[in-house]
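A short worksheet on the structure shown next.
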There are 2 protein chains.
Amino acid sequence: MARASLTRDDVLDTAANLVKQHGPEALTMRKLAAELGTAVTSIYWHVGNRESLLDALVRRTVAELGEIRPAGRTPAERVVSVARILRRRLREHPHLVAMVHERGLTERMFLPAQQALVREVHAAGLRGARAAEAVRAVQFQVVGFVLVERNRERAPAQQPTEDRYDDPALARAFARPVDEERLFVRSVRALTQSLLDGEEAARKQEESARK
Amino acid sequence: MARASLTRDDVLDTAANLVKQHGPEALTMRKLAAELGTAVTSIYWHVGNRESLLDALVRRTVAELGEIRPAGRTPAERVVSVARILRRRLREHPHLVAMVHERGLTERMFLPAQQALVREVHAAGLRGARAAEAVRAVQFQVVGFVLVERNRERAPAQQPTEDRYDDPALARAFARPVDEERLFVRSVRALTQSLLDGEEAARKQEESARK
DNA sequence: ACCTGAACACCGTTCAAGT
DNA sequence: ACCTGAACACCGTTCAAGT
């Protein structure tokens, strides 16, 4: 791991590793310096301070995320596929969502997904403000779901909630751990269906009313 | 603000104020001691340490949250009303969701809402595993939405995303700030409708198939 | 241009000592 | 039973000094 001289990228790479493994709160300037084998103050020369180091890290990661290629036969299916790709990608970088949010880069991060979603929502016949609303609803749902998931994983074992319902199958279902992938797909599908079909139906009604 | 002697509740109250105003990360033992007019180490005698102080704080707040009374004529409307109540309540305690999650109290916190949702989902004809899934879908959506909202508020001004779509009304809609209340209600309504109606339809199909 | 150690102001926490 | 100050191990950051 010998190095000719310390570069900004060395710092970013090592910092990225620490964050990936133990989260951003575990990234201290002193540990990072130890890992790099330099004095703490050298880091400051290369990246300014802790906050701008994290900022650079986040921007680099966002830039690497790349585009989204939807799959599926219908617009609804393709919306679901975009959601799944987005979720998988966010899960590969478990700390990214929060870090991106804190730095006001959310809109930028979701631009590729947003563009893909706009295409599908257009294909389903939505336009203008209603199309924008549908796209945002899906975006909020996906990001929200991932945030909830992340929180659940970080969380210690949940206090079991000994709830008594007069529906034993439901009580058993609540006792089982959540199948998050399944719940996610079902939720997105349900939301999408409602957003697209509702609009589809309204559009047809309008058309027939015009005759 | 003179006090006979320091009590555990004094510590919790003052800590709650600090957290409410500046967030949990602003709660330092030293600032808290200054605010209380005692030595830092007194706090340790009353509450153990910083983590158990925050834990006690969260548990107290959760216990104070109270029950949820749904409103509306149909199960779907009442589900939406539960969601709105839950969202409003979470927004009154902006730091609570994250703190609750970190301490594994999520399930307990959402128990009142869960019970209300189970009743409505039952009223709509869902049972067992599918009822549980519907309840969880709504729960995930509400919590996720609030988390996204919170992140957006904390976030600095978003980099505007100069997107070029061939739909000027949509571009304008994206340029406007999000009407979160509206988006929230629409999303929950869309999801709920799909979850309940889909099930309703499936049930009717089954019934007619049995004849 | 790049790297260093010393120093400062902040943390949470422990501990022995007081009443 | 309750409160205290001193001390420890950790932070991020600045600065003057080196090459």
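In what follows, every heavy atom counts, from backbone to side chain, and hydrogens, waters and symmetry copies are set aside.
Cation-pi geometry between Arg87(B) and Phe184(B) is met: under 6.0 angstrom from the ring centre, within 45 degrees of the axis.
Taking atom CG on Leu36(A) and atom P on dC2(C), their separation rounds to 16 Å, with Å as the unit. Between Leu6(B) atom CG and dT19(C) atom P there is a gap of 20 Å when expressed in whole angstrom units. One atom, CD of Glu25(B), and another, C1' of dC11(D), lie 16 Å apart when rounded to the nearest Å. Rounded to whole Å, the distance from CE on Met29(B) to C1' on dG12(C) is 7 Å. Atom CG in Asp10(A) sits roughly 14 Å away from atom C1' in dC2(C) (whole-Å rounding). Note: CG (Leu54(B)) to C1' (dG12(C)) measures 12 Å, nearest angstrom.
The side chain of Asn49(A) contributes no N or O atom lying less than 4.0 Å from OP1 or OP2 of dG12(D). In this model, the phosphate group of dT13(C) is not approached by any side-chain N or O of Thr41(B) to a distance below 4.0 Å at OP1 or OP2. Checking the phosphate oxygens (OP1, OP2) of dA1(D), no side-chain nitrogen or oxygen of His46(B) falls inside 4.0 Å. In this model, the phosphate group of dC11(C) is approached by a side-chain N or O of Thr28(B) to a distance below 4.0 Å at OP1 or OP2.
The Trp45(A) side chain lies nearest to dC3(C) when the options are dC3(C), dT4(D), dG12(C). Nearest to the side chain of Arg30(B), among dA7(D), dT13(D), dT4(D), sits dA7(D). Among the nucleotides dC3(D), dG12(D), dT13(C), the one closest to any side-chain atom of Tyr44(A) is dG12(D).
With contacts defined as side-chain heavy-atom distances shorter than 4.5 Å, the pair Leu54(B)/Arg103(B) qualifies.
Residue Arg69(A) places its CZ atom among 12 or fewer non-hydrogen atoms of other residues, nucleotides or ligands, all under 6.0 Å distant. Enclosure of atom CZ in Arg50(B) by more than 12 non-hydrogen atoms of other residues, nucleotides or ligands within 6.0 angstrom is indicated.
Judged by distance alone, the side chains of Ser52(B) and Asp55(B) never bring a donor and an acceptor atom under 3.5 Å apart. No side-chain N or O of Thr14(A) forms a donor-acceptor pair with one of Asn17(A) less than 3.5 Å apart.
Using a 4.0 Å heavy-atom criterion, one finds that Ile43(A) contacts no nucleic acid atom at all. As judged by a 4.0 angstrom heavy-atom cut-off over every strand, Leu53(A) is placed among residues making no nucleic acid contact.
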Stepwise side-chain contact (heavy atoms from CB on, under 4.5 Å) test for Met29(B) and Tyr44(B): CA-CA 9 Å; Met29(B) 303 302 268; Tyr44(B) 282 84; 3.6 Å; yes
Watson-Crick and G-U pairing of DNA chain D, under 3.5 Å, as dot-bracket with | and [ ]: ||.|||||...|||||.||
